[in-house]
Asks: 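Handing you this structure, nothing more for now.
First listed ligand is number 1; within each ligand, the first listed atom is number 1. As the structure is a computational prediction, the values presented were derived from the model and not from experiment.
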Amino acid sequence: MNVLVLGASRGIGLELARQYRAEGHKVTATARTPDGLGALEALGASALKLDVTDAASCAGLAWQIDGEAFDTVWLVAGVYGPRSSGLQAPTQAEFDAVMHTNVLAAMRLLPVVAEALAPGARIALLSSRMGSIGLRANANGWLYRASKAALNSLMKDAAIALEGRALCVSLHPGWVRTDMGGSGADIDVQHSARTLRATVAALGPAQTGSFLNHDGQPLSW
Ligand code: NDP
């Protein structure tokens, strides 16, 4: 299998790359720092430099992956932003950082990866159940929540635009012990990546355009 992981310097992205490499798959993965690129090279992945908030860097990915035919593409890069607990207005800089990383980047990268897909490819966007409006029980992190709700909207459009060419889903990885999830989170990164990979591998055409938990259970919008 030929796999692309966008945002793989650490956390869930790095673990996805590690697990695919451990099974002998061909992995191309991105990071924006020398340390991140080094970690990917150490796994035997082909490491590409990508800052998802940089328009030129996103455009440059197109020629770096020219000629590739990826079976599975993961868009993982994301930031949480301010740890707000109610109706606290973000600064312009906070808003831009979260929305550019979690939303605008997907709008730049989806058209690029759409040109480098194998027939029947799968595109998995790392969303969050915090983006669900129906499941919402508190207002913590409302900027992050809004960004993942917007990402889910983009996923649906990608699923429609790529129908017949690729399956596209949004996935909640669980509450995972990473830098973002923190040490008190529910599950470890190995478990999250394993179940995410199994869910994406098992996707059928009827599931394109859906929002799923890492174990494959549908989540409400
Ligand atoms: P981490 O904070 O551990 O890692 C975030 C990753 O995103 C890093 O590789 C980071 O790279 C990358 N990234 C951030 N900004 C950019 C950028 N501008 N350009 C390139 N890469 C960037 O997060 P997780 O691994 O926990 O999360 C991965 C995804 O899963 C995210 O989209 C997150 O929203 C989602 N998620 C995570 C949950 C959790 O409990 N952990 C729960 C629900 C969803 P760098 O090292 O260069 O900063």
Asks: Below 3.5 Å, can you tabulate the donor-acceptor pairs from side chains in residues 30-41 to any protein atom, sequence neighbours excluded?
Replies:
residue: Thr30; atom: OG1; partner: Gly7; partner atom: N; Å: 2.9
residue: Thr33; atom: OG1; partner: Gly36; partner atom: N; Å: 3.0

Asks: Return yes if some donor-acceptor pair links the side-chain N/O of Arg21 with the main-chain N/O of Gly44 below 3.5 Å, else return no.
Replies: yes
Asks: Thr178 side chain to Met180 main-chain N or O, any donor-acceptor pair under 3.5 Å?
Replies: yes
Asks: Describe, in one word, how the ring planes of Tyr20 and Trp74 are oriented to each other, choosing from parallel (under 30°), tilted (30 to 60°) and perpendicular (over 60°).
Replies: tilted
Asks: So, taking the atom named CG in Asn213 and the one named OG1 in Thr199, what distance separates them when rounded to the nearest 0.5 Å?
Replies: 8.0 Å
Asks: With a 4.0 angstrom cut-off on heavy atoms, strictly below it, pick out the residues next to ligand 1 and order them by chain and number.
Replies: Gly7, Ser9, Arg10, Gly11, Ile12, Arg32, Leu50, Asp51, Val52, Thr53, Val76, Ala77, Gly78, Val79, Thr101, Leu126, Ser127, Ser128, Tyr144, Lys148, His172, Pro173, Gly174, Trp175, Val176, Thr178, Asp179, Met180, Gly181
Asks: Examine distances only and state if a side-chain atom of Gln19 and a backbone atom of Gln190 form a donor-acceptor pair shorter than 3.5 Å.
Replies: yes
